[in-house]
Amino acid sequence: MAEKTYLQAISDGLREEMRRDKRVFVIGEDVGVYGGAFKVTLGFQEEFGAWRVIDAPLSETAIVGGCTGAAIMGMRPVAEMQFADFISCAWDQLVTVAAKQRWRAGTPVPITVRLPSGGGFSGGPFHSQNPESSFAHIPGLKVICPATPEDAKGLLASAIQDPNPCLYFEHKHLYRRIKAEVPDERYETPFGKARVHQEGDDLSVITWGAMVYTAEEAAQQLDGDDVSVEILDLRTLIPWDKQAVLESVRKTSKVLVLHEDTHTGGFGGEIAATIAEEAFEDLDAPVKRITAPDTPVPFSPGLEKAFIPQVEDVVAGLRDLAAY
Amino acid sequence: MAEKTYLQAISDGLREEMRRDKRVFVIGEDVGVYGGAFKVTLGFQEEFGAWRVIDAPLSETAIVGGCTGAAIMGMRPVAEMQFADFISCAWDQLVTVAAKQRWRAGTPVPITVRLPSGGGFSGGPFHSQNPESSFAHIPGLKVICPATPEDAKGLLASAIQDPNPCLYFEHKHLYRRIKAEVPDERYETPFGKARVHQEGDDLSVITWGAMVYTAEEAAQQLDGDDVSVEILDLRTLIPWDKQAVLESVRKTSKVLVLHEDTHTGGFGGEIAATIAEEAFEDLDAPVKRITAPDTPVPFSPGLEKAFIPQVEDVVAGLRDLAAY
Amino acid sequence: MAIREAEPVGSLREVKEAGLDREDLLGIYRNMVITRGIEERGHILYKQGKIPGSFYTGRGNEASAVGVATAMGANDVGTPLHRDMGVHVTRGVEPWRIFAQYMGRSDGPTHGRDGNVHMADSNLGLLAMVSHLPAMLPVAVGCALAFRIREENRVAVGWYGEGASARGDAHEAMNFAGVRQLPVVFICDNNQWAYSTPTHLEYACEHLADRAQAYGFDGVVVDGTDVLAVYREAKRAIEKARTGGGPTLIESLTLRMEGHAVHDDAFYVPKEMFEEWAKSDPIERYRSWLNAHADMTQDEEDEILGGVKRLLNEALARAEESPLPDAGKLTDGVFATPEDLDTPHHK
Amino acid sequence: MAIREAEPVGSLREVKEAGLDREDLLGIYRNMVITRGIEERGHILYKQGKIPGSFYTGRGNEASAVGVATAMGANDVGTPLHRDMGVHVTRGVEPWRIFAQYMGRSDGPTHGRDGNVHMADSNLGLLAMVSHLPAMLPVAVGCALAFRIREENRVAVGWYGEGASARGDAHEAMNFAGVRQLPVVFICDNNQWAYSTPTHLEYACEHLADRAQAYGFDGVVVDGTDVLAVYREAKRAIEKARTGGGPTLIESLTLRMEGHAVHDDAFYVPKEMFEEWAKSDPIERYRSWLNAHADMTQDEEDEILGGVKRLLNEALARAEESPLPDAGKLTDGVFATPEDLDTPHHK
Ligand SMILES: Cc1ncc(C[n+]2csc(CCOP(=O)(O)OP(=O)(O)O)c2C)c(N)n1
Ligand SMILES: Cc1ncc(C[n+]2csc(CCOP(=O)(O)OP(=O)(O)O)c2C)c(N)n1
Ligand SMILES: [Mg+2]
Ligand SMILES: [Mg+2]
């Protein structure tokens with residue numbers, strides 16, 4: 001075990017997959033000599049050559065469509081979007097071709113798309129988005145949102161080996177800020193299994209990605225309140241671990257769904273609706289959602305702070321719930 | 001007042017807007033000489049000329065992006081997608097440019113995109129989709145889903161005059177099947193006001209588009225059960241009439257959310273979650289959702305029937321609710 | 001980087017040079033006849049109400065589709081479209097499965113999940129098209145990328161229509177293929193109409209093959225009603241790609257001889273245009289050529305036509321026996337399992 | 001439809017023919033100096049920690065941006081990008097508002113909602129860029145479409161980089177513009193790098209201007225460090241478009257003289273390349289020309305430089321006084337109201 005940043009865990013995990021499986025290749029803008037905008041693939045081209053670490057033209061559709069073709073021919077492509085925001089330029093390839101090909105035509109499309117996502121550094125409306133909810137609505141796509149270095153590595157290995165199109169959202173705000181022990185050996189972290197980030201009895205927070213840490217800080221601030229908060233990190237949205245969520249709700253009877261993406265139509269709605277439908281009788285309070293408001297992501301730091309759910313917002317939400 | 005099909009109401013409404021407002025023009029594939037795949041613009045090019053009824057190349061991005069530019073220059077473009085499914089090819093223009101331009105840069109983008117959507121005629125995975133939920137999640141876009149000929153005309157007029165990007169989903173299964181009185185004069189049907197399709201006291205169905213009629217038939221089959229069903233037709237998803245929904249729930253205490261789009265991450269989740277959060281104490285039963293399953297839309301009639309919510313599915317759902 | 005207008009094929013010798021013996025020539029004829037036969041029968045099925053949804057044919061495009069498919073190697077792959085039934089036929093998809101596909105039965109390649117020519121047998125090296133045009137071009141380029149990475153001598157063939165040439169996917173695919181000189185051949189089926197839209201509203205250069213220059217590879221325009229010329233050009237391009245020569249764009253000129261789909265009477269196509277192109281019906285044209293240059297006898301022809309008739313009769317009967325898909329399995333297979341990877345490509 | 005490589009501008013006479021008098025010439029110089037000054041000061045602000053997020057400059061592109069903007073008419077519109085600060089300056093955006101934008105203050109054109117050059121003053125005929133490249137090209141074409149429908153004598157100018165040329169949006173925009181011969185001019189700022197990616201990994205034709213042929217209009221390559229040559233070519237193209245002659249694609253060749261953004265030291269750019277291009281620094285080059293051909297005196301030059309210095313000092317001070325945006329208003333204006341349509345265009 002070694003302590004690694006979230007970023008290093010992704011980078012090491014990817015390198016390991018490339019070493020053990022010749023079918024894996026990386027393609028994206030500036031992933032070669034430059035090592036990618038966030039340096040995840042730094043040194044990869046030297047090790048694996050220019051045909052396994054491919055500098056693509058500025059062509060998200062060609063990148064994702066190209067990965068789809070290569071995957072159908074037996075490769076295990078890993079595409080890097082320079083920022084998750086730019087995946088909008090490959091939306092059609094993902095929802096029309098990759099997502100539906102297995103179901104329609106029996107052809108699996110084992111691709112992984114790495115998506116540096118999330119805000120917190122004044123990236124503005126086009127370098128800060130969390131578009132996971134949009135994809136979670138499309139049958140046939142898997143949606144992965146690791147929060148810890150350990151999961152970042154294990155979920156990436158699973159994504160690459162999974163026979164389906166996997167959207168791997170790596171949160172930029174965690175890249176260098178989050179550091180933790182990561183097993184040295186190779187392992188795969190299974191999809192659809194939530195992680196109990198912190199156990200508790202009185203309130204449940206269901207969340208993923210960077211918000212796991214916001215929830216943790218908020219829970220710490222409630223220490224004096226004599227309420228114990230359970231934090232469930234979903235880890236993957238598709239599939240999502242409904243069982244674990246319902247179990248936590250059954251235990252605490254009060255639940256907060258928290259995400260960094262915008263409110264209306266965000267995946268929090270799906271979770272809250274499912275809880276309301278399937279754990280109705282276990283609830284002692286309305287299912288609360290805390291999310292970003294329905295605006296683009298703002299640039300100016302004060303605005304961005306008002307946009308991204310903050311520790312104090314979560315504290316207030318938890319107190320409301322506790323008092324209900 | 002004259003009886004018109006849903007299709008005729010759209011066509012007449014559009015022609016009327018073009019007659020009264022020189023800024024309105026139509027652009028799309030085969031909208032000119034051919035009059036559009038569904039003949040909505042039949043005869044328009046003769047009346048308005050080739051520069052107000054523009055046959056576009058097979059270029060959804062150029063169509064939507066072009067409309068955005070023209071709108072910023074003061075026009076009121078109405079784009080036709082040949083099928084709603086193909087809007088995936090203009091996703092980026094809508095979510096990146098049109099949706100965010102007003103908030104970011106103060107520039108309104110008054111465009112209307114007409115989207116023949118929905119299944120029921122073996123159109124298969126690419127000619128039957130209901131992609132409204134995907135857009136409802138993007139701040140800055142309005143989402144319109146008329147169910148009646150009267151609303152089809154009035155909501156189209158509102159969309160064209162609205163200073164925002166409006167996605168106007170016209171359900172193909174209603175085109176010629178639904179006929180009703182439509183006022184002769186021009187009128188605008190406001191956004192964000194649900195329509196009580198049928199009043200009732202015991203159960204609420206919240207729905208839109210073609211499912212309004214499925215709900216109606218289901219309610220009729222419950223006549224012998226001595227339960228009265230209220231059917232709320234949302235008419236627009238963004239903005240959606242939360243007030244009307246909460247009022248109906250307050251009255252009936254039992255609610256079914258019904259849509260033709262797929263389940264996970266569908267807009268029904270947003271509605272159900274909101275009800276669960278804001279009308280928690282008024283509920284006597286879990287908020288039930290009936291939707292398509294999480295698959296692409298199948299081609300073969302028997303499969304399609306299993307995919308699109310049927311009257312008997314809704315009947316069963318309502319009976320479950322009533323019995324809760 | 002020259003745009004070439006390909007000569008018609010004149011002689012048997014020329015064809016032999018391009019690698020076809022007499023048996024191949026008769027096989028091509030048979031495949032063209034089967035192709036048209038499937039679509040004609042499909043049309044009847046449609047009128048009988050046995051085909052749900054809409055119905056498309058590729059009448060006029062038989063030479064183009066069969067010609068290209070004949071030039072492909074066994075391990076090459078392709079992404080044919082809605083006018084390219086001849087590709088499926090030539091690669092060996094059994095006609096009864098196509099009828100089953102048309103009728104939404106469980107023995108169609110998509111098992112009733114998709115309709116029309118939205119299908120492919122991946123074991124025969126074909127990838128099922130999506131409606132969104134030309135979204136399969138980047139995918140074809142991706143296949144070529146895999147071949148290039150693995151240094152295999154295989155080629156990918158990607159089809160698109162002249163209408164679909166306007167979309168960004170065509171550009172991104174060709175640009176990337178050109179930059180990396182990938183083993184891919186682009187076939188533009190230019191049938192002069194995109195639904196009701198004529199070419200001058202779709203593009204403003206003379207030939208779409210001209211665009212190859214913009215991407216750094218060769219372009220060629222070929223008469224798409226001349227199956228042997230199509231074959232020859234496709235063969236050249238495919239072998240060039242196979243030997244590291246990079247992509248080629250082949251523009252195959254035809255006329256769509258029917259409406260866009262069965263509901264469309266093509267009123268917008270000038271009558272004279274149909275009359276003119278009817279004179280070079282691909283099957284008739286090739287039949288004459290076979291008579292003149294390959295001494296195809298009446299007996300041989302009868303045998304082919306009779307054989308095709310029997311084949312299609314049997315195919316229809318067998319397809320009608322194919323069960324409707326089980327609605328209980330609707331939600332199966334949205335996601336692939338590791339076992340699904342048990343295909344020739346994923347070994 | 002010829003691709004032309006534009007000659008450099010030699011003489012004052014030539015420039016007069018292109019419509020510039022001596023005052024204009026000095027104004028161009030001033031605008032170029034302001035442009036660079038804004039970005040240099042921005043860089044300092046960034047190092048001081050006063051600019052959140054990232055920071056981009058267009059060093060090396062001042063001639064290209066100012067040259068094109070100078071050729072535009074008052075009623076023309078444009079969609080400049082992240083290397084085109086000179087366009088904003090030339091169209092008259094006050095520098096203090098740009099500094100306010102950089103610092104996320106409420107007096108920036110986007111009021112702190114967006115950063116960097118993601119801004120525009122629509123009253124000056126500019127449309128705010130989005131990051132997604134080159135998504136503003138179809139929008140520029142749409143502006144031209146509006147002008148064509150209303151039969152106005154206005155022209156739209158759309159910018160993109162040579163890297164962004166690979167994306168489908170560029171293709172769809174140009175194809176549509178060519179088919180309809182719309183009054184739009186495409187400016188390709190070819191600065192030879194897309195972030196770290198060199199041109200041969202972005203496209204495989206010789207000049208991107210060659211692609212104009214594929215779309216049925218003219219292309220021209222111009223030395224983007226020669227402000228007068230850029231001006232002359234832009235003027236020709238804009239007036240051609242204005243008079244119904246259709247689009248032109250101008251490829252303006254420069255070198256991006258700094259990293260992609262402030263965090264990037266451009267280690268991947270060969271040193272010699274920087275050295276070579278430093279010799280034709282657009283501002284230096286133009287200053288020499290003004291000295292040689294327009295007899296710019298030292299006094300005149302000092303006045304310009306001094307004036308710019310004062311302007312920017314004041315601008316900085318004023319920008320720093322601009323308040324931070326009110327977080328309470330974050331959710332305002334996601335949707336436009338009818339009052340928002342009270343703009344010159346929506347009358
Ligand atoms: C992206 C997209 N937009 C619209 C359509 C609807 N559509 C189906 S075929 C067609 C015309 C295609 O023309 P072309 O590419 O020339 O092919 P052809 O049908 O003539 O063979 C259109 C517009 C589509 N399939 N895909
Ligand atoms: C669609 C899209 N993908 C990726 C990016 C990230 N990105 C920002 S600038 C850039 C390079 C652009 O190169 P070029 O078009 O040559 O413009 P330059 O920056 O050199 O002026 C990239 C890849 C983007 N802005 N848009
Ligand atoms: Mg065609
Ligand atoms: Mg560049």
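What you see is a predicted model; the values in this text were computed from it and never measured. Order of the sequence lines fixes the chain letters, A, B, ..., with proteins taken first and strands second; residue numbering starts at 1 for each chain.
- No salt bridge links A/Arg19 with A/Glu16; every basic N to acidic carboxylate O contact stays at or beyond 4.0 Å.
- Between A/Asp21 and A/Arg76 there is no salt bridge, since no side-chain N of the basic residue sits under 4.0 Å from a carboxylate O of the acidic one.
- Using a 4.5 Å cut-off between heavy atoms, A/Ala71 touches chain C through its backbone atoms (N, CA, C, O) alone.
- The two residues A/Thr189 and A/Ser158 come nearest to each other via the heavy atoms O-OG, 2.6 Å.
- The shortest heavy-atom contact between C/Ala156 and C/Ala140 is CB-O, 3.3 Å.
- Each of C/Leu126, C/Thr35, C/Thr79 was checked for a side chain to side chain contact (heavy atoms under 4.5 Å, CB included) with C/Val87, and the lone residue meeting it is C/Leu126.
- Looking at A/Glu60, only its backbone comes within 4.5 Å of chain C, counting heavy atoms on both sides.
- Separating the NE2 atom in C/His260 from the OG atom in C/Ser54 is a distance of 7.0 Å, to the nearest 0.5 Å.
- Under a 4.0 Å N-O distance rule, the pair C/Asp218/C/Lys240 qualifies as a salt bridge.
- In terms of heavy-atom pairs under 4.5 angstrom with chain C, the leader among A/Ile54, A/Val64, A/Val97, A/Thr61 is A/Thr61.
- In terms of heavy atoms, A/Tyr168 sits closest to A/Thr112 at CB-CG2, 4.2 Å.
- Counting heavy-atom pairs closer than 4.5 Å to chain A, the top-ranked of the candidates C/Val141, C/Val130, C/Thr110 is C/Val130.
- For C/Ala135, the parts sitting under 4.5 Å from any heavy atom of chain A are the backbone and the side chain alike.
- For the residue pair C/Glu152/C/Asn75, the side-chain donor-acceptor check at 3.5 Å is not satisfied.
- Heavy-atom proximity under 4.5 angstrom to chain C picks out A/Ile238 from residues 233-241 of chain A.
- Classification of A/Glu150 and A/Lys153 as a salt-bridged pair fails, no side-chain N sitting under 4.0 Å from a carboxylate O.
- Note on C/Asp121 versus C/Arg97: salt bridge recorded, some NZ/NE/NH1/NH2 to OD/OE distance being below 4.0 Å.
- Per-residue heavy-atom pair counts under 4.5 Å with chain C were compared for A/Asp162, A/Leu141, A/Thr107, A/Ile63, and the maximum is reached by A/Leu141.
- Listed options C/Ala146, C/Ala336, C/Ala177 were ranked by heavy-atom pairs under 4.5 angstrom with chain A; first place goes to C/Ala336.
- Listed options C/Ile149, C/Leu137, C/Asp114, C/Val179 were ranked by heavy-atom pairs under 4.5 angstrom with chain A; first place goes to C/Ile149.
- Counting heavy atoms of neighbouring residues, nucleotides and ligands inside a 6.0 Å radius, atom CD of A/Glu47 exceeds 12 of them.
- For the atom pair CZ of C/Phe186 and CD of C/Glu251, the computed distance is 14.5 Å after rounding to the nearest 0.5 Å.
- For A/Lys100, no part lies under 4.5 angstrom from a heavy atom of chain C.
- Proximity to chain A (any heavy atom under 4.5 Å) is shown, for C/His111, by neither the backbone nor the side chain.
- Seen from the ring of A/Trp51, C/Arg180 counts as a face-on cation partner, given the 6.0 Å and 45° thresholds.
- Only the backbone of A/Ala50 comes within contact range of chain C, with heavy atoms under 4.5 Å apart.
- Counting heavy atoms of neighbouring residues, nucleotides and ligands inside a 6.0 Å radius, atom NZ of A/Lys39 exceeds 12 of them.
- By a heavy-atom distance cut of under 4.5 Å, A/Phe25, A/Ile27 are the residues of residues 25-38 of chain A near chain C, going up by number.
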